[in-house]
**Student:** 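After the structure tokens below, expect a handful of questions from me.
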Amino acid sequence: MKEMFYADFLNYKNTGMSITGLEYAKITHGPVPDDKDKILNECILNEYIKEEIEYKNDYEYHNIIGLKDFNENVFDAEELEILEKVKHFFKD
């Protein structure tokens, strides 16, 4: 969620438009898309992703795992550059 927000925010800063067109809500640990649960459930039903829940040190982590290959054809060159910058920033 955080990486998606950063990609949208950076693209908006550069072009005046987000990549996803989603609106975000502020929560305790950072912004998440409005209707986050609906979006995740739809992606799970369509087998685009799976969600694994992990418990560590009294915290609950939701790991989202992609099940489809990345399709770069749905992005323009500038969006791909933004995605690469965000991926590199969060690589660790």
**Student:** Can we call the ring centroids of Y6 and F90 under 6.0 Å apart?
**Tutor:** yes

**Student:** Looking at N71 and V74, what are the two nearest heavy atoms and their distance?
**Tutor:** O-CG2, 3.2 Å

**Student:** In Å and rounded to the nearest 0.5 Å, what is the CD to CD distance from E81 to E84?
**Tutor:** 9.5 Å

**Student:** Determine the minimum heavy-atom distance between L22 and P33, stating which atoms define it.
**Tutor:** CD1-CB, 3.9 Å

**Student:** Count I, L, V, M, F, W, Y as connected when their side-chain heavy atoms are under 4.5 Å apart, and connections chain through other members. Are Y24 and Y12 then in the same cluster?
**Tutor:** no

**Student:** Is the CD atom of E78 crowded by more than 12 outside heavy atoms at less than 6.0 Å?
**Tutor:** yes

**Student:** What's the spacing between I19 CD1 and F5 CZ if we round to 0.5 Å?
**Tutor:** 12.5 Å

**Student:** Taking only distance into account, with no hydrogens and no angle test, what donor-acceptor pairs under 3.5 Å do side-chain atoms of residues 41-59 form with protein atoms, sequence neighbours excluded?
**Tutor:**
unit_1	atom_1	unit_2	atom_2	d
N41	ND2	D37	O	3.1
E42	OE2	N46	ND2	3.1
N46	ND2	E42	O	3.0
K50	NZ	E52	OE2	3.4
E51	OE2	H62	ND1	2.6
E54	OE1	N63	ND2	2.9
Y55	OH	E60	OE1	3.3

**Student:** Can you tell me if D8 uses its side chain to pair, donor with acceptor, with the backbone of S18 under 3.5 Å?
**Tutor:** no

**Student:** Going from CG on D35 to CD1 on I39, what distance comes out if it is rounded to the nearest 0.5 angstrom?
**Tutor:** 6.0 Å

**Student:** In Å, rounded to the nearest 0.5 Å, how long is the span from CG of N14 to NZ of K85?
**Tutor:** 6.5 Å

**Student:** CE/M17 to CD/E79 distance, rounded to the nearest 0.5 angstrom?
**Tutor:** 7.5 Å

**Student:** Consider only side-chain heavy atoms of I, L, V, M, F, W and Y, link residues closer than 4.5 Å, and tell whether I65 and F70 are in one cluster.
**Tutor:** no

**Student:** Give, for atom CE of M1 and atom CD1 of I27, the distance between the pair rounded to the nearest 0.5 Å.
**Tutor:** 9.0 Å

